[in-house]
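A short worksheet on the structure shown next.
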Amino acid sequence: MVKIWQGTIELNLKLFKFHSLNFKNTNFKKFKSDLTMKNILFDLKLTQESGQTSQPPWQEIANCVNGYCDVMTLDNTPILLKVYQKSINELNIDYELPISNKSLEINKKLIEKEITRIYDLNFDLNKLYNHMAEDSKLSPAIDFCKGLRLFLAKDPFECIISSISSANNSIARWTKSITKIRQKWGEDVKFSSGTFYTFPSPSVLMNIYEDNFEEYEACNRTIETEYCINNLKSCGVGYRAPYMMKTSELFEFEMDLFEIPKMSYEEAFDLILNLPGVGPKVADCILLYGFGFKEAFPSDVWIKRIISHLYFNGEDISVPKVREFGMEKFGDYAGYVQLYLFHYARKSGLMKKLK
DNA sequence: GCGCAGGTATTGA
DNA sequence: TCAATACCTGCG
């Protein structure tokens, strides 16, 4: 049994904040991070904006070039983490404490450890480039993607629910859904910079109304159905709603998120394939972007088009075959190769050509 | 208003 | 094991 996150039910629908944040007059604490000094090859902007499937993008900071922030729970305390980069090889980290908890002391090593995990900063990109350079199909991708790293989800449970909602869906649409879920059922944390919402825990998510009808019945039919907005389907997840609720229930009662990192890739894959709404593509996204299993080669229609164009003369290859091919050919680099190929295809115009 | 894109679950060979 | 189809929403 697992109960990791605290969550309170927030029933008021808040307006979306799509604009960038403005950080004038705020209480950010700067600290000299060891990461700043390490001279790590890392392009923060490229990584943040590469559209990796794991969680909604972090918020851009208006008055800060290449600055991003999001709330995350460290040591059971939500803090607002801000990362920015003035030049490649140099990463700056600031953080802000909740208004209600400003005297708190935060362990800076913990923040650095988390940032290192999220951006995979211990991974040697030059080793990857040497490997890619040996394959004439992959070598053009290197220059398009210098400094691109894996971008892991800060919250594995949110990653799982996000990935389920990403199936047969567009990035813009599932991102909106997850943002609504955070705002309706997550914990709202107030910072000087504004209010941020954490993602609800499995125990909260398994108990919400699934659709208008359930909510209407629970209100003893005292409201009009068009005012039923505190249910999962009102977030635009469609037929994925029951999958998400059932998965929440499984993590509350039967499965343990902390067991997954201890497993082999194959064990973990077989396990999460049993979750409702999770097929091979979603399972691989969860393992790669939620848990950092780099052997995963998430294969969707786009990767299928790219692989069949590059390696099979445009011949139609089934998605399961593409996955098999990628895992076999790229081994421990499969996840990174998938990420680099996808980004390369987007930037080089190959994607448009393949459509 | 209507066709289309996008993975999974289900059904039926 | 594989092919066909329904599922839901938002965009063009």
Side-chain angles (χ1 to χ4, degrees), chain A residues 13 16 18 50-57 153 158-184 205 208-215 225-226 228-251 255 268-290 296-309 315-327 334-335 338-339 341-343 345-346 350-355:
Chain A
L13 175 61
F16 283 128
F18 282 121
S50 58
Q52 301 181 39
T53 309
S54 59
Q55 61 187 359
E158 178 177 31
C159 172
I160 289 167
I161 300 300
S162 291
S163 300
I164 290 174
S165 68
S166 77
N168 199 13
N169 210 341
S170 75
I171 295 176
R173 253 170 57 200
W174 70 255
T175 294
K176 251 187 219 175
S177 297
I178 298 300
T179 307
K180 279 191 186 181
I181 291 172
R182 283 187 191 175
Q183 292 176 337
K184 287 187 188 188
L205 215 51
I208 63 179
Y209 305 125
E210 189 175 308
D211 53 26
N212 283 8
F213 185 71
E214 260 191 36
E215 188 181 349
T225 46
E226 63 258 38
C228 292
I229 52 163
N230 289 305
N231 62 78
L232 194 47
K233 279 197 179 167
S234 73
C235 301
V237 299
Y239 58 86
R240 304 164 193 87
Y243 300 155
M244 295 159 83
M245 295 191 64
K246 183 77 186 131
T247 291
S248 303
E249 216 178 298
L250 284 169
F251 277 109
M255 293 166 89
F269 184 81
D270 290 344
L271 179 80
I272 60 171
L273 210 53
N274 292 319
L275 297 171
V278 174
K281 154 71 188 346
V282 167
D284 276 333
C285 280
I286 293 170
L287 292 181
L288 182 59
Y289 299 117
F297 192 73
S299 303
D300 59 7
V301 288
W302 283 107
I303 283 300
K304 165 191 152 137
R305 284 167 192 163
I306 294 165
I307 290 290
S308 78
H309 169 78
E315 186 195 332
D316 193 42
I317 309 286
S318 75
V319 170
K321 287 269 184 289
V322 168
R323 173 172 180 264
E324 219 173 286
F325 172 83
M327 288 175 63
Q338 192 265 10
L339 177 62
L341 281 180
F342 200 86
H343 190 73
R346 267 215 312 214
L350 177 62
M351 214 92 145
K352 276 186 182 147
K353 213 177 99 185
L354 294 177
K355 208 172 181 178

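Protein chains get the first letters and strands the later ones, always in sequence-line order, with residue 1 at the start of each. Everything numeric here is computed off the predicted structure, so don't read it as measured data.
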For F297(A), the ring-ring contact (aromatic ring centres under 6.0 Å, His included) test, sequence neighbours excluded, returns F330(A)
The first and last nucleotides of DNA chain C lying within contact of chain A, meaning any atom under 4.0 Å from one of its heavy atoms, run from dC7(C) to dC11(C)
N212(A) meets the side-chain hydrogen bond (donor to acceptor under 3.5 Å, both in side chains) criterion, sequence neighbours left out, with N231(A)
Hits for side-chain hydrogen bond (donor to acceptor under 3.5 Å, both in side chains) against S234(A), two or more places apart or cross-chain, chain-then-number order -> K184(A)
Contacts of T175(A) meeting side-chain hydrogen bond (donor to acceptor under 3.5 Å, both in side chains) (sequence neighbours excluded), chain-then-number -> none
So the side chain to side chain donor-acceptor pair (under 3.5 Å) pairs with at least one residue in residues 297-306 of chain A (sequence neighbours excluded) are K304(A)-D316(A)
Across all chains, not counting sequence neighbours, the side-chain hydrogen bond (donor to acceptor under 3.5 Å, both in side chains) partners of Q52(A) are S50(A)
Once base and sugar-phosphate atoms are separated, protein heavy atoms under 4.0 Å mark nucleotides 7-13 of chain B, 5' to 3', with B, S and - as BSS----
Ordered by number, residues from residues 319-327 of chain A within less than 4.0 Å of DNA chain B (heavy atoms) are none
By ring-ring contact (aromatic ring centres under 6.0 Å, His included), F325(A) pairs with (sequence neighbours left out) Y311(A), F312(A)
side-chain contact (heavy atoms from CB on, under 4.5 Å) filter on L288(A), not counting sequence neighbours, yields L150(A), A296(A), P298(A)
d(I303(A) CD1, D284(A) CG) to nearest 0.5 Å is 11.5 Å
For residues 161-172 of chain A, the salt bridge (Lys or Arg N to Asp or Glu O under 4.0 Å) pairs (sequence neighbours left out) are none
